[in-house]
**Student:** 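Please find one structure pasted underneath; my questions will follow.
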Amino acid sequence: MNLSRLAGALTGLSLSTLFLLGATAAPASAAAPGCTGNSCTGKNPHTQRCDRDAKTIAIAHNPEGPSAYLRYSAACTAAWVISDKGDGAWRFKLDIKRGKPYVEQASPNYNAYTAMVSAHKAYRACYEAATGRSNDWECTGWH
């Protein structure tokens, strides 16, 4: 193999390697959350990329249906509730002290979730108990 062919092959290999590395590495802006704190209130945790670092901080265990998981994102400084899959008759909510709760229904096809609230407010996860009484909620402690 002559020297110019070897140099061309190495250049092609280097460009291919850079292309592959560039194609797999996400830019820093793509990983950044779309909101923080109060600007997250009322927004979707998935579309704002707040679900990427989220941790479950409390669970309202429902012995008869889907449980409600209180999720928190440190990157977004926000919280929301996600539910197990379940019959759509089950309701769950993100209860916000001195604020309007975000109430959703479970889905048999996916894990449903509420909009977010700033973690600077007091909040908790709840599910509606199957007692036959309307608005009979079982909740986690306040966070």
Side-chain angles (χ1 to χ4, degrees), residues 4-143:
S4 63
R5 278 191 177 164
L6 179 60
L10 289 175
T11 301
L13 179 62
S14 296
L15 290 176
S16 296
T17 302
L18 287 175
F19 175 76
L20 288 174
L21 289 174
T24 58
S29 62
C35 64
T36 57
N38 287 331
S39 69
C40 290
T41 297
K43 293 184 179 172
N44 180 314
H46 179 70
T47 59
Q48 296 299 312
R49 297 180 299 280
C50 295
D51 57 347
R52 294 182 179 180
D53 77 322
K55 306 279 187 255
T56 297
I57 60 172
I59 303 171
H61 290 283
N62 184 347
E64 299 175 36
S67 294
Y69 300 83
L70 186 58
R71 305 281 286 163
Y72 170 77
S73 164
C76 294
T77 318
W80 64 96
V81 177
I82 190 167
S83 167
D84 288 326
K85 292 178 185 177
D87 184 303
W90 288 99
R91 297 191 315 160
F92 64 98
K93 71 179 177 178
L94 175 61
D95 200 15
I96 304 164
K97 195 175 269 190
R98 292 185 291 283
K100 183 179 177 187
Y102 296 124
V103 181
E104 296 294 337
Q105 288 184 244
S107 169
N109 302 316
Y110 56 88
N111 296 91
Y113 52 90
T114 68
M116 295 185 286
V117 68
S118 167
H120 300 295
K121 300 182 182 270
Y123 53 87
R124 64 184 180 175
C126 306
Y127 68 86
E128 192 169 32
T131 60
R133 295 185 305 260
S134 180
N135 289 315
D136 188 8
W137 297 95
E138 296 291 331
C139 302
T140 64
W142 290 101
H143 288 265

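FYI, side chains are in, hydrogens and waters are out, and symmetry mates aren't considered; it's all heavy atoms of this structure.
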**Student:** Which atoms form the tightest heavy-atom contact between A130 and W90, and what is the distance?
**Tutor:** CB-CH2, 3.6 Å
**Student:** Tell me whether the count of non-hydrogen atoms from other residues, nucleotides or ligands lying under 6.0 Å of NE2 in H46 goes above 12.
**Tutor:** no
**Student:** Do Y127 and V81 have side chains that get closer than 4.5 Å, going by heavy atoms?
**Tutor:** no
**Student:** Determine whether N135 and E128 make a side-chain contact, defined as any pair of heavy atoms from C-beta on separated by less than 4.5 Å.
**Tutor:** yes
**Student:** For E104, enumerate each residue passing the salt bridge (charged side-chain N to carboxylate O under 4.0 Å, His left out) test, keeping only those at least two apart in sequence or located in another chain.
**Tutor:** none
**Student:** Supply the atom-to-atom distance D84 CG to N111 CG, rounded to the nearest 0.5 angstrom.
**Tutor:** 6.5 Å
**Student:** Test side-chain contact (heavy atoms from CB on, under 4.5 Å) on C50 and K43 and set out the steps.
**Tutor:** CA-CA 10 Å; C50 295; K43 293 184 179 172; over 6 Å; no
**Student:** For T131, which residues count as a side-chain contact (heavy atoms from CB on, under 4.5 Å) partner, sequence neighbours excluded?
**Tutor:** A129, R133, D136
**Student:** To the nearest 0.5 Å, tell me how far T114 OG1 sits from F92 CZ.
**Tutor:** 6.5 Å
**Student:** Considering only heavy atoms from C-beta outward, does the side chain of Q48 approach that of P33 to under 4.5 Å?
**Tutor:** no
**Student:** Would you sort out whether W80 and N44 count as a side-chain contact (heavy atoms from CB on, under 4.5 Å), showing the intermediate values?
**Tutor:** CA-CA 9 Å; W80 64 96; N44 180 314; over 6 Å; no
**Student:** Taking all non-hydrogen atoms of both residues into account, name the closest pair between R124 and G141 and its distance.
**Tutor:** CB-O, 3.4 Å
**Student:** Which atoms form the tightest heavy-atom contact between A106 and P66, and what is the distance?
**Tutor:** CB-CG, 3.8 Å
**Student:** Check the orientation of Y123 and H143. Use parallel for under 30°, tilted for 30 to 60°, and perpendicular for over 60°.
**Tutor:** parallel
**Student:** Report the distance from atom OG of S83 to atom NZ of K93, rounding to the nearest 0.5 Å.
**Tutor:** 14.5 Å
**Student:** Counting distance only, does the side-chain N/O of S118 pair as donor-acceptor with the main-chain N or O of A78 below 3.5 Å?
**Tutor:** no
**Student:** Please report the shortest heavy-atom distance between A60 and C126, naming the atom on each side.
**Tutor:** CB-CA, 4.5 Å
**Student:** Rounded to the nearest 0.5 Å, how far does CD of Q105 lie from CG of D87?
**Tutor:** 9.5 Å
**Student:** Take the SG atom of C76, take the SG atom of C35, and say whether they are under 2.5 Å apart.
**Tutor:** no
**Student:** For L94 and Y113, what are the C-alpha separation, side-chain angles and deciding distance, and is it a side-chain contact (heavy atoms from CB on, under 4.5 Å)?
**Tutor:** CA-CA 9 Å; L94 175 61; Y113 52 90; over 6 Å; no
**Student:** Determine whether R71 and I57 make a side-chain contact, defined as any pair of heavy atoms from C-beta on separated by less than 4.5 Å.
**Tutor:** no
**Student:** Working to the nearest 0.5 Å, report the span between NZ of K97 and CG of D95.
**Tutor:** 9.5 Å
**Student:** For S73, which residues count as a side-chain hydrogen bond (donor to acceptor under 3.5 Å, both in side chains) partner, sequence neighbours excluded?
**Tutor:** D53
**Student:** Taking atom OH of Y102 and atom OG1 of T41, what is their separation to the nearest 0.5 Å?
**Tutor:** 5.5 Å
**Student:** Are S67 and N62 side-chain neighbours, meaning at least one heavy-atom pair lies under 4.5 Å?
**Tutor:** yes
